[in-house]
Visitor: 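So that we are looking at the same thing, I have put the structure below in structure tokens.
Proteins come first, then strands; the chains are lettered A, B, ... in the order of their sequence lines, and each starts at number 1.
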2 protein chains.
Amino acid sequence: MTVDLSEGAGRTVPTLASIAERVGVSVNTVSRALRAPNTVRIELRRRINAAMEELNYVPNRLAGGLSGTRSDIVGVVVTSLYYSEFANIIDSLQLALLEHDLQVMLANTRYNADQELRLVRSILSWRPAAVAIIGVDHPPKVVELLKAAGIPIVEMWDTGGDVIDTAVGFDHASVGAAQANHLIAQGYRRLAFVGSVRENDKRAQKRLSGLEAAATKASLPDVVKHTAQQGGNPELGERLATELLQSHPEIDAIACNSDVVAFGVLRALRKLGRRVPEDIGVIAFGDNEAASCVSPSLTTVRPDRERIGKLTAEAIVSRINDVTPYTTLVEWELIARESTSRMPPPSPS
Amino acid sequence: MTVDLSEGAGRTVPTLASIAERVGVSVNTVSRALRAPNTVRIELRRRINAAMEELNYVPNRLAGGLSGTRSDIVGVVVTSLYYSEFANIIDSLQLALLEHDLQVMLANTRYNADQELRLVRSILSWRPAAVAIIGVDHPPKVVELLKAAGIPIVEMWDTGGDVIDTAVGFDHASVGAAQANHLIAQGYRRLAFVGSVRENDKRAQKRLSGLEAAATKASLPDVVKHTAQQGGNPELGERLATELLQSHPEIDAIACNSDVVAFGVLRALRKLGRRVPEDIGVIAFGDNEAASCVSPSLTTVRPDRERIGKLTAEAIVSRINDVTPYTTLVEWELIARESTSRMPPPSPS
DNA sequence: TGGCATAAAGTTACCGTTAACGCAACGATC
DNA sequence: GATCGTTGCGTTAACGGTAACTTTATGCCA
């Protein structure tokens, strides 16, 4: 069970004390040379740095975090890592946090509420300086723990409802409404919704609700839903679309919960001989990197993931510096492409 | 600069001592109730657990890690988080580590060697139980630090060369060779290579070398290379392919460093009126989720990312338990699709 | 030249947990 | 009934830093 320290690595990992001894100063002086260099004589500082370099000293942040007041860890809790759904958020978040010497500790709940509780607990046990978490809907116990931690909590991706502390995201219901309205404007009337809508994916549910509300408002027939609990992928989209059109051949537009599912939907429609966008329109959500490259190119909604990551980092730093909690709305954009372009573009009169 | 503890959270975070006091036992007994429950009387244990529940106790792993011998952190160093290149590896790695209560601490070097050194140092400062890192080619100082840490180091994605400790990956040169051989078998002769090949992306360089070696071996003319240092995306692929065919119209096959770049290459070819696969073949690497959904569907190489993540977790656990270092070769698969299917499939005689 | 602010280094007391050790109470053994 | 191994819990000393405080050396000014 012990970690292997074989082949000559028998010597122990250097500590502040090793450095201090070697240079002939107290431990605290070495610590100061790191934290507050200008309180140590320049010449002594140089000798200390040389010793650190020589011994390959790496500070022990466990000890630092325990002793000091700062911990430098930011817990990041996402619901999925699959495909690029949240990877780009983590990417830009991590880059921005790096400038403040904050380290990302990652957890992935896979849309599982029990797992979420366990992982949040686990993250908190590292006494992070802040926690960034996907979504604003969490089990009560999770909310309780996060609140009790007394650290900044930034909820990402979604907004609205009971924000624990600070939020950086957008309103998913209005995304759904925009999807419906775009389809309607393009002349589609019999809408369907297809994709992976997991029990704990409140965002997907909100988008669907927004879509349905807009359809109702436009006096359209009820949106036909055909969803699954499993994760979204092209194969799922292909299957769901095939089944959907078998039972509901009248459908003339399919909104997909994600681009990846839409890719499969497009494939199904091709196999079924339904022309897109003439016979059926397809709209999705996510702006996958391939959305503009499939044919027909996919109309979708592009949330600005890089910006969410960057703004989340800013929010974390602000909150650590005692700025009051706030909510930031992040822009998203409906990108109309071939898969829904039934109407000729308005004449530029 | 201090963390906000506003609105009634004035009370301090509970510690083992709080629990101990409340139950009327020593701190160590509470600690034991967590670590070795069967050394504490069942009735007492129940009271301790009740107190923990009531106070929302979350153990402080900084303290635990400092005091004990175990640290429960696994540092994961990747070169990119963009798109799904490594996200799925992290995903399956994290899931597998979870079973052993190991927490992922993430760092992203963005193919920057200086950043890699800084991040490895930062990760090591958390005294992780192990480090998983993309690639087997690292700056000397990084290797030195990782070796000196005296913990299991698992290098992922690539193999060969000087492995620090343990590796889980595949040989990228043979991927390149397979790509070339597939193109050749399909009747293509004038090969080109296109994509993002960053200075620190040794894997891309190895694939390219393998491709060139195979082309040379088959007595083909030199592979025409048109690469960029920036990250790969469809726009890059579109630009590079357009430029390539302007200067080298004789090219009849393009190997791409990544699927995402290939998506743009396909778009460029469509715009240029070159038929794929008849006039030009396109092969890529990565098996992006959309590869089977673009048209023509993309021939590509699929590395088994889930398996790499899973096997890396296994390697970490094995190494922590003192199993000797080893290297695992992970399978990859060339998936022939429409973009290179110039030859009729061999008759099944 | 004495007095005092200031700079530079040392002392000491934690931070919250684990691990080694100690010790009392108890049942089994001969 | 003295000996001995268990069981169950308490005591104490780290772990490697940080921060508050103290001490010593130095310079400056009246």
Visitor: Is the shortest side-chain heavy-atom distance between B:Leu311 and B:Glu314 below 4.5 Å?
Guide: yes

Visitor: At the 4.0 Å heavy-atom cut-off to chain A, mark where contacts on DNA chain C begin and end, going 5' to 3'.
Guide: C:dA8 to C:dG16

Visitor: Grab the CG-P distance between A:Leu66 and D:dA14 for me, whole Å please.
Guide: 17 Å

Visitor: Between atom CG in A:Leu34 and atom P in D:dG16, what is the gap in whole Å?
Guide: 16 Å

Visitor: What is the bend of the helix from C:dT1-D:dA30 to C:dC30-D:dG1 when you compare the axis at one end with the axis at the other, using five pairs each and rounding to 10°?
Guide: 50°

Visitor: Check salt bridge (charged side-chain N to carboxylate O under 4.0 Å, His left out) between B:Arg46 and all other residues, then give those that pass, not counting sequence neighbours.
Guide: none

Visitor: Whole angstrom is fine here: how far is it from CZ in B:Arg32 over to P in D:dG10?
Guide: 8 Å

Visitor: Ignoring backbone atoms, test whether A:Ser67 places a side-chain nitrogen or oxygen under 4.0 Å from the OP1 or OP2 oxygen of D:dG17.
Guide: no

Visitor: Excluding sequence neighbours, so at least two apart, what forms salt bridge (charged side-chain N to carboxylate O under 4.0 Å, His left out) with A:Asp101?
Guide: B:Arg118

Visitor: To the nearest Å, how far apart are A:Asn28 CG and D:dC21 P?
Guide: 14 Å

Visitor: Name every residue in residues 43-60 of chain A that has at least one heavy atom under 4.0 Å from any atom of DNA chain D, in order of residue number, or write none if there are no such residues.
Guide: A:Tyr57, A:Asn60

Visitor: When you compare the side chain of B:Asn200 with that of B:Asn112, does any pair of heavy atoms fall below 4.5 Å?
Guide: no

Visitor: Do the side chain of A:Thr15 and the base of D:dG16 come within less than 3.5 angstrom through a donor-acceptor pair of N or O atoms?
Guide: no

Visitor: What residues, two or more places apart in sequence or in another chain, satisfy salt bridge (charged side-chain N to carboxylate O under 4.0 Å, His left out) together with A:Arg45?
Guide: none

Visitor: Rounded to whole Å, please give me the gap between CG in B:Leu62 and C1' in D:dC15.
Guide: 13 Å

Visitor: My understanding is that only residues two or more places apart in sequence, or in another chain, count here; which of them pass salt bridge (charged side-chain N to carboxylate O under 4.0 Å, His left out) with B:Arg61?
Guide: B:Asp72

Visitor: For A:Thr39, which contact category applies under a 4.0 Å heavy-atom criterion: base, sugar-phosphate, or nothing?
Guide: sugar-phosphate

Visitor: List the residues meeting side-chain contact (heavy atoms from CB on, under 4.5 Å) with B:Asp137, not counting sequence neighbours, and say none if there are none.
Guide: B:Asp158, B:Lys202, B:Lys206

Visitor: Which donor-acceptor pairs under 3.5 Å do side chains of residues 34-43 of chain B form with protein atoms, sequence neighbours excluded?
Guide:
from	atom 1	to	atom 2	distance (Å)
B:Arg35	NH1	B:Ser31	OG	2.1
B:Thr39	OG1	B:Ala36	O	2.8
B:Arg41	NH1	B:Glu43	OE1	3.4

Visitor: Show every ring pair (Phe, Tyr, Trp, His ring centres under 6.0 Å) that has at least one partner inside residues 86-116 of chain A, sequence neighbours left out.
Guide: A:Phe86-A:Trp157

Visitor: What is the distance, rounded to the nearest whole Å, between atom CG of A:Asp72 and atom C1' of D:dG17?
Guide: 13 Å

Visitor: What pairs with B:Ala50 under side-chain contact (heavy atoms from CB on, under 4.5 Å), at least two apart in sequence or on another chain?
Guide: none

Visitor: Which residues pass the side-chain hydrogen bond (donor to acceptor under 3.5 Å, both in side chains) test with B:Arg110, sequence neighbours left out?
Guide: A:Asp91

